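Single-structure report; data block below.
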Protein chains: 2
Amino acid sequence: MKRVTMQDVAKLAGVSKSTVSQYLNKRYDYMSEETKRRIENAISELGYQPNIVARSLKQKKTSTIGVIVANILHSFSTKVIRAIEDFCNDNDFHVIVCNADDDPVKEANYINMLRAKQVDGLIVFPTGGNLELYEMMIEQNFPLVFVDRIIDGLSVDTILLDNEKAAYLAVEHFVNCNHTRIGIITTSLSRKVTPRIERIEGYKKAMLHFGLPIVDEYIKGVDLDYIQNALNTMFSLKEPPTAILAGNDLVLMEILRYAKENSINIPNDLALIGVDDVPFAPIFTPALTTIAQPAFEMGEKAAQLLLDKIKNEHKEQARIHRFPPTLIVRETT
Amino acid sequence: MKRVTMQDVAKLAGVSKSTVSQYLNKRYDYMSEETKRRIENAISELGYQPNIVARSLKQKKTSTIGVIVANILHSFSTKVIRAIEDFCNDNDFHVIVCNADDDPVKEANYINMLRAKQVDGLIVFPTGGNLELYEMMIEQNFPLVFVDRIIDGLSVDTILLDNEKAAYLAVEHFVNCNHTRIGIITTSLSRKVTPRIERIEGYKKAMLHFGLPIVDEYIKGVDLDYIQNALNTMFSLKEPPTAILAGNDLVLMEILRYAKENSINIPNDLALIGVDDVPFAPIFTPALTTIAQPAFEMGEKAAQLLLDKIKNEHKEQARIHRFPPTLIVRETT
DNA sequence: CTGAAAGCGCTTACAG
DNA sequence: CTGAAAGCGCTTACAG
């Protein structure tokens, strides 16, 4: 499989490789029609394809960005990725996606690998476990955008849902449905992951706003594996909650599983709202009431910001970009 | 953001860049401890990271493979991708994933782009619309593995479900549940996509095997957008089917939607089996009976085969690798 | 309008 | 045990 190079094309066309290069880069300012035609023919005859690796080395840019998601199992991650890919395709950028699996060690490996591969910039859903690495990138002025999670003390453009608003919308809707014993369950709070913290915070504020008591037993932040336990505890209370807000799609599925296995009727025994509008929400029985994130817009904005930085067209101070959630009322409330 | 190069390390360590390169590639056969230490210190002091692009250019390999899926919306695709990524990670290969969106034009662009980026090999779920390109890769002996779909007349290792068996398992189970009016619905047959063709073929063989008549009205292969229509037609028959096999996960969701909107009780009015074990199958009400593909094993095998080809360790004749489906009985039958 | 030359940051065969 | 040199396949400033 002998690869054909620019040199081969130049020889066949009877010109120098500089000229072939000019042709490829569409700098025909002064190129004769004759030359163009000869090069074109040589290229198609040889089936020549430029070697992007060589070009990247010389140009010191790869037109490739990296995306590292903390956990690809969230439907939110996959939607954001799709939006980023679409935007990058439209702008002739390639994207390499990596899944850190909520593991800071994997995340660090991916960051190093992608930078070694000379990506022009990085969009990351940070695990939060690699402060020094994040700081190094910022210091080096390496194009970087965070999604979904705030890392305290770092000056990075960050794309976030208005999480407090999301929780507020859920509580408000529960209240409108005459619930007063409202709970919230989300995944582990030990690593201070922004959406979890903010959704609980928003939940508390909303409860106060509607004059409802904050009952600690109604608030859980535990690992996915312990959610069945947490639900058991919650439903053993003298006065269990009559409505629950699921902090994300994976928690929602755990709650649905618990309800199914314990014959808890939704919404009669328990009203339910999940953050993240999962694909099966409308066909589920009962159809799931959810809080949707504008994932597509968020992904697009992340890509937009990053490409602007790469092209040096983004001069503003790094800040947090908030996006509004939407309540989609179906049958679980 | 001045990048530090091997030259900088060499200077600081007081050696030549050849020696630094040897160090990096762990060829210490004859390297003095002293030299090693000096290089190590220089590297960490400067925060040096090798430029993989330069290495790739020189070595004429990138340790990167491309994966092009026909349609990433299928849960099967995402599972296979995960398996490929895991396998490649373990073998120090990187992977770039692209979604052709069932569009041969996009597929061609991705193939060309990935080859220009010098990937060492390609795993593709072929749309079937780029015969010349596939042929060119084979002719050039470019490492290539197909998944999910057979392209007639091409000699390529191909990873496939035993689709006829999958259909057989479903029909058999329906028969055991005393159904005789059994239908099958899948997405459009116009492009002769292997799993669709083979599943219908397997369905027909199974029907004959169990002495049941083959009723054309019970067999539909239409685009996703027309499935509601097809279902309407089917259920307007004097004798509509009492059991349906959904050809894939997306079709399954369309059928579930139809049933919900038309108050068709599953499984009482209609028994249902879907090919592909969707994540929400066990928590659905009723929990979904499915035919699972061993997606993880299939992805692993695809990656295994490809890496062997890349390393020139795969000398056998290209062939089709079949994997067995599994029936998972839940509540929809 | 086109070409010769230098250089991107590595690796590697070879010399010593 | 280590270094000088060539070369991977491009791009680009410059000369003519």
Side-chain angles (χ1 to χ4, degrees), chain A residues 1-40 42-43 46-64 92 112-113 115-120, chain B residues 1-40 42-43 46-64 92 112-113 115-120:
Chain A
M1 200 181 79
K2 177 77 186 60
R3 274 202 65 87
V4 6
T5 79
M6 191 177 263
Q7 188 62 264
D8 303 323
V9 175
K11 196 183 297 173
L12 184 62
V15 298
S16 76
K17 51 191 179 86
S18 318
T19 307
V20 177
S21 177
Q22 311 279 26
Y23 173 86
L24 253 24
N25 291 295
K26 305 199 192 313
R27 280 197 260 280
Y28 325 107
D29 309 1
Y30 301 102
M31 198 172 294
S32 70
E33 285 306 319
E34 167 67 7
T35 306
K36 272 192 228 177
R37 230 191 24 256
R38 294 235 302 278
I39 295 176
E40 202 177 315
I43 287 176
L46 296 171
Y48 169 71
Q49 266 194 323
N51 180 328
I52 294 189
V53 172
R55 173 190 297 168
S56 296
L57 176 59
K58 179 64 189 176
Q59 290 190 154
K60 293 169 164 243
K61 64 180 191 200
T62 52
S63 296
T64 301
D92 294 317
N112 288 327
M113 180 273 273
R115 296 211 54 192
K117 272 177 109 63
Q118 312 299 117
V119 295
D120 295 337
Chain B
M1 201 182 76
K2 179 74 187 61
R3 273 202 65 87
V4 6
T5 80
M6 189 177 265
Q7 188 60 265
D8 303 324
V9 176
K11 195 182 300 174
L12 184 61
V15 298
S16 75
K17 47 192 181 88
S18 319
T19 307
V20 177
S21 178
Q22 311 280 28
Y23 173 86
L24 253 23
N25 291 295
K26 306 204 193 308
R27 281 197 259 280
Y28 327 106
D29 308 2
Y30 300 102
M31 197 172 295
S32 71
E33 286 304 320
E34 166 68 8
T35 305
K36 273 192 225 174
R37 229 193 23 257
R38 293 234 304 276
I39 295 176
E40 201 178 314
I43 287 176
L46 296 171
Y48 169 70
Q49 266 193 323
N51 181 329
I52 294 189
V53 172
R55 171 191 299 167
S56 298
L57 176 60
K58 179 64 189 176
Q59 291 190 155
K60 292 169 166 242
K61 65 180 192 200
T62 53
S63 296
T64 300
D92 294 318
N112 288 327
M113 180 274 274
R115 296 210 54 194
K117 271 178 110 64
Q118 313 298 114
V119 293
D120 295 336

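Note on naming: letters A, B, ... go to the chains in the order of the sequence lines (proteins, then strands), and numbering restarts at 1 for each one. Model, not experiment: these values are computed from the prediction.
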* **Heavy-atom closest pair, residues B/Q49 and A/A116** => OE1-N, 4.4 Å

* Taking atom types as modelled, is there a side-chain donor on B/T64 or A/K117 under 3.5 Å from an acceptor on the other? -> yes

* State whether B/T19 places a side-chain N or O below 4.0 Å from either non-bridging phosphate oxygen (OP1 or OP2) of D/dT2. => no

* Atom CG of A/L57 to atom C1' of C/dG9: distance rounded to whole Å? -> 5 Å

* Asked: OP1 or OP2 of C/dC10 sitting under 4.0 Å from any side-chain N/O of B/Y48?
  -> yes

* Asked: Which whole-number value in Å describes the distance from A/Q22 CD to D/dT12 P?
  -> 9 Å

* Whole-Å distance between D/dG3 C1' and B/I39 CD1? -> 12 Å

* Of A/V20 and B/K17, the one whose closest DNA chain D nucleotide lies more 5' -> B/K17

* Structure fact -> Only one of B/D8, B/I39, B/L24 passes side chain to side chain contact (heavy atoms under 4.5 Å, CB included) with B/Y48, and that residue is B/L24

* To do: Scan B/V15 against the nucleic acid and name what it touches under 4.0 Å (heavy atoms): base, sugar-phosphate only, or nothing.
  => sugar-phosphate

* **N-O pairing of A/R38 and A/E34 below 4.0 Å** => yes

* Considering only NZ, NE, NH1 and NH2 on the basic side and carboxylate oxygens on the acidic side, decide whether A/E40 and A/R37 come within less than 4.0 Å. => no

* Does a side-chain N or O from B/T5 land closer than 4.0 Å to OP1 or OP2 of C/dG9, or not? -> no

* Asked: B/K60 has a side chain; which of D/dT2, C/dC10, D/dC8 sits nearest to it?
  -> D/dC8

* Side chain of B/Q59: nearest nucleotide among D/dT12, D/dC10, C/dT12? -> C/dT12

* Separation between CG of B/D120 and NZ of B/K60, rounded to the nearest 0.5 Å -> 12.5 Å

* Asked: Starting at the 5' end of DNA chain D, which residue's closest nucleotide do you reach first, B/K58 or A/Q49?
  -> B/K58

* To do: Give a yes/no on whether any side-chain N or O of B/S32 is located under 4.0 angstrom from OP1 or OP2 of D/dT2.
  => yes

* Asked: Atom CG of A/N51 to atom P of D/dG7: distance rounded to whole Å?
  -> 18 Å

* Would you mind reading off the distance between A/L46 atom CG and D/dG9 atom C1', rounded to a whole angstrom? => 15 Å

* Looking at B/S21, does any N or O in its side chain come under 4.0 Å of the phosphate oxygens OP1/OP2 on C/dT12? -> no

* To do: Return no unless some side-chain N or O of A/Q118 is found under 4.0 Å from OP1 or OP2 of C/dC8.
  => no

* Asked: What is the distance, rounded to the nearest whole Å, between atom NZ of A/K117 and atom C1' of C/dG9?
  -> 16 Å

* Between D/dT2 atom P and B/M6 atom CE, what is the distance in whole Å? -> 15 Å

* Structure fact -> Testing D/dG3, D/dG9, C/dG9 for proximity to the side chain of B/S16, the answer is D/dG3

* To do: Answer yes or no: does a side-chain N or O of A/T35 lie under 4.0 Å from OP1 or OP2 of C/dT2?
  => yes

* Base-pairing assignment for D/dA13 (Watson-Crick or G-U wobble, both under 3.5 Å) -> none

* Asked: Any side-chain N or O of A/N25 under 4.0 Å from OP1/OP2 of D/dT11?
  -> yes

* Asked: Between D/dT12 atom P and A/Y23 atom OH, what is the distance in whole Å?
  -> 18 Å

